[in-house]
Amino acid sequence: MFQAPRGTRDLLPAEHRVRDRITAVVQEQARLCGYGFIEPPTFENAELYSRGVGEATDIVEKEMYVFEDRGGERLALRPEGTASVCRAYLQHGMANLPQPVKLAYIAPMFRYERPQAGRFRQHTQFGIEALGVRDAALDAEVMDLGWRIAEQLGLRDLVLLINSIGDLEDRRAYVPKLRAHFEPHLEQIAPDDRARFQRAPMRLLDSKDERTRPYQEGAPLITEHLSAESAAYYAAVKDQLDALGIRYEERPSLVRGLDYYTHTVFELVPNEPSGSQTTLLAGGRYDGLIEQIGGPPTPGIGFGMGIDRFALQLREQGLVDDAEEQPQVIIAALGAGAASAAGGLAGQLRRAGISATLAFGGRSLKAQLRHAGRAGCRWTIIVGERGLAAGTVTLRDMASAEQRDLPLEAVVNEVAGAAPYTENSPPTAE
RNA sequence: GUGGGCGUCGCCUAGAGGCCUAAGGCGCCAGGUUGUGGCCCUGGUAUUCGCGGGUUCGAAUCCCGCCGUCCACCCCA
């Protein structure tokens, strides 16, 4: 039997309802900040990512789904959203629009990773990018948007981790100092971390390896080596966050795995993580990215939010109600002559905004009612040849078991006029 | 890429070398006579225990390999 490919899954109705709820909140909050939604293609020229995300990143180096199409183009399934949005900004000349240009998307991302809790080979992200402006207030606004989404969904006990990793100049000055700190201990630290020493020395700061940890003590921090201008920018961002009343924590070891980040970086995480893949939302400023992919120097900031991880977190915090919505009316049809009348009635009910379905399958009335009872609908309408001869159908209230005959033309109004049925109350035994 | 746990009906679970041609619960389907549900009762729903080898007179139960899945590392949303 076929199975969904490793690391992918079918989002079944119960889970899809959770996603719909998240999607609704996200769209509303993005709208409140003035974001317009865009949908970039699912695959792009592979080089867009190696140039944008960074040649030496894990994403590009070992996680991209790269393929050649029949025309010989080297393409990649989108591993992250920012590069595409920036490409679109350039391609459509959005630098001529009032800045910042605020763009949002909800789209699947693909990375060849080993699946585990909260990590998939295909996952869906909501993301936003605000392009063309470098302003501490915008940084804070972006983080506040992420914060509000969590708030609106009812999530508790989250914390926003922030840091500044400065600009290229800052890091050019800082990295040698960092290397100098670790260099004497290269023999002692973990082999993986020795490689990092060369390629991504800032990662040494958040290594979890027991062999490396002792040497993290006393290492120089980027935040202590920012230029006066960068430090002032970071301070301004924090002032803005304070004004917004967001609970944040500075985390000097916070470095992101994509090369394009500058200055502000942040992550939204649960206070007390239960698993290990718990970053709900992460992002930062990337003032060099657009230039990297061939545009003019253009500042930008944004984040990616793991919709699947939000769903997981909602479940974990007991914020998911799995009750599924049942049709308000189930129509039972008796006899071949009643089938088309039943179908017509179902259509009329739906046009009146009442959810209705037939008890399909040509079964006995008993079976059709049993089906209706189990489904938990409010009413059953029995359409039978006998009643039809007199122009009536039977409307049965499933909770009270009361029923009466009504003219076929009257039943839609009768049901529409009743109090809305909100609770999915199970039938009670008499 | 590395390490570990687990794989019996749609779901949950029993089973630990012969009494298992696999049991129970949930769910689903049908029926309990004539056009009426929920409770109850009856029946149906895995020719087979992820797949392939091996050990044995005999394997769902032991061994090996593969696959799948879950978890952790790495990394990340």
Side-chain angles (χ1 to χ4, degrees), chain A residues 1-7 9 12 14 22 53 57-63 78-82 106-127 146 190-193 195-196 200 203 206-210 255-258 267-269 274-283 302-313 330 332-335 338 359 361 363-377 379-388 393-403 405 425-430:
Chain A
M1 203 167 42
F2 287 112
Q3 290 189 18
R6 177 154 224 220
R9 60 186 182 149
L12 300 178
I22 296 170
V53 178
T57 57
D58 280 10
I59 288 181
V60 169
E61 214 167 50
K62 46 194 200 198
E63 293 176 357
R78 171 181 53 226
E80 63 97 50
T82 303
I106 295 173
M109 305 296 163
F110 306 86
R111 292 179 205 169
Y112 187 83
E113 299 185 278
R114 195 98 167 245
Q116 67 185 78
R119 196 170 76 186
F120 309 95
R121 288 184 175 178
Q122 176 180 341
H123 75 279
T124 302
Q125 277 186 34
F126 161 68
D192 281 355
D193 286 330
R196 281 192 192 100
R203 293 288 188 70
D206 66 346
S207 170
K208 282 174 241 161
D209 195 291
E210 291 305 325
V255 218
R256 315 246 50 251
L258 291 74
E267 280 185 18
L268 185 67
V269 298
S274 56
S276 72
Q277 313 302 317
T278 50
T279 301
L280 295 168
L281 175 160
F303 66 68
M305 156 180 155
I307 292 186
D308 308 79
R309 287 192 185 169
F310 263 76
L312 229 47
Q313 191 63 29
I330 289 181
L334 279 164
R363 296 179 284 185
S364 69
L365 179 62
K366 187 188 184 79
Q368 295 187 63
L369 271 160
R370 177 158 43 212
H371 170 78
R374 286 187 185 160
C377 65
W379 286 290
T380 299
I381 298 173
I382 300 162
V383 181
E385 287 172 316
R386 228 147 71 187
L388 241 31
V393 296
T394 304
L395 176 65
R396 179 178 178 84
D397 183 309
M398 294 304 277
S400 67
E402 282 162 22
Q403 64 180 48
D405 290 349
S425 53
T428 44
E430 298 285 313

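None of these values were measured; they are calculated from a predicted model. Order of the sequence lines sets the chain letters (A, B, ...), proteins ahead of strands, with each chain counted from 1.
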* **Interatomic distance, Arg6(A) CZ vs rG68(B) P [rounded to whole Å]** => 6 Å
* Glu63(A) near the nucleic acid: base, sugar-phosphate alone, or nothing, with a heavy-atom cut-off under 4.0 Å? -> sugar-phosphate
* Looking for any heavy atom pair under 4.0 Å, which part of the strands does Phe120(A) touch: base, sugar-phosphate only, or nothing? -> base
* Distance in angstrom units between Asp397(A) CG and rG38(B) C1', rounded -> 13 Å
* d(CZ, Arg256(A); P, rC75(B)) in whole Å -> 12 Å
* Structure fact -> side chain to side chain contact (heavy atoms under 4.5 Å, CB included) filter on Ala311(A), not counting sequence neighbours, yields Glu15(A), Val18(A), Ile22(A)
* So what does Arg196(A) touch, heavy atoms closer than 4.0 Å: a base, only the sugar-phosphate, or nothing? -> sugar-phosphate
* Asked: Counting any heavy atom closer than 4.0 Å, what does Ala282(A) reach on the DNA or RNA strands: base, sugar-phosphate only, or nothing?
  -> sugar-phosphate
* Asked: NA contact type, Gly127(A), heavy-atom cut-off 4.0 Å: base, sugar-phosphate, or nothing?
  -> nothing
* **Nearest non-hydrogen partners of Leu312(A) and Gly118(A), listed with the distance** => CD2-CA, 3.6 Å
* Asked: Quick one: side chain to side chain contact (heavy atoms under 4.5 Å, CB included) partners of His123(A), sequence neighbours excluded?
  -> Met109(A), Arg111(A), Phe120(A), Gln125(A), Asp308(A)
* State which residues pass side chain to side chain contact (heavy atoms under 4.5 Å, CB included) with Phe110(A); sequence neighbours excluded, sorted by chain then number. => Thr42(A), Tyr65(A), Leu77(A), Pro108(A), Gln122(A)
* To do: For Leu334(A), answer base if it contacts any base atom (sugar-phosphate contacts may also be present), sugar-phosphate if it contacts only those atoms, and nothing otherwise; contact means non-hydrogen atoms under 4.0 Å.
  => base
* Structure fact -> Sequence neighbours excluded, the answer for side chain to side chain donor-acceptor pair (under 3.5 Å) partners of Asp193(A) is Arg196(A), Ser207(A), Thr212(A)
* Contacts of type side chain to side chain donor-acceptor pair (under 3.5 Å), residue Asp192(A), not counting sequence neighbours -> none
* With Arg203(A), which residues qualify under side chain to side chain donor-acceptor pair (under 3.5 Å), at least two apart? -> none
* Just checking Ile307(A): base, sugar-phosphate only, or nothing, at a heavy-atom cut-off of under 4.0 Å? -> nothing
* Less than 3.5 Å between a donor and an acceptor, one on the side chain of Gln403(A) and one on the base of rU36(B), is that the case here? -> yes
For nucleotides 3-12 of chain B, print each protein N/O atom paired with a nucleotide N/O atom at under 3.5 Å, atom names and distance only.
residue, atom, partner, partner atom, Å
rG3(B), O6, Arg114(A), NH2, 3.4

* **Partners passing side chain to side chain contact (heavy atoms under 4.5 Å, CB included) against Arg119(A) (at least two apart in sequence or in another chain)** => Glu113(A), Arg114(A), Gln116(A), Gln277(A), Arg309(A)
* In whole angstrom, what separates Glu267(A)'s CD from rC76(B)'s C1'? -> 9 Å
* Structure fact -> When both distances are under 3.5 Å in a Watson-Crick or G-U wobble arrangement, the nucleotide paired with rG43(B) is rC29(B)
* To do: Mark up nucleotides 28-34 of chain B, 5' to 3', with B wherever a protein heavy atom is under 4.0 angstrom from a base atom, S wherever such an atom reaches only the sugar-phosphate, and - elsewhere.
  => SSSBB--
* To do: Using a heavy-atom cut-off of under 4.0 Å over every strand shown, decide if Gly387(A) touches base, sugar-phosphate, or nothing.
  => base
* Asked: Nearest to the side chain of Arg396(A), which nucleotide is it out of rU69(B), rA72(B), rG37(B)?
  -> rG37(B)
* Could you tell me whether the phosphate oxygens of rA72(B), OP1 or OP2, come under 4.0 Å of any side-chain nitrogen or oxygen in Gln116(A)? => yes
* To do: Ignoring hydrogens and angles, answer whether the base of rC75(B) and the side-chain atoms of Arg119(A) contain a donor-acceptor pair closer than 3.5 Å.
  => yes
* Which part of the nucleic acid, if any, lies within contact of Arg121(A), taking any heavy atom under 4.0 Å across all strands shown: a base, the sugar-phosphate backbone alone, or nothing? -> nothing
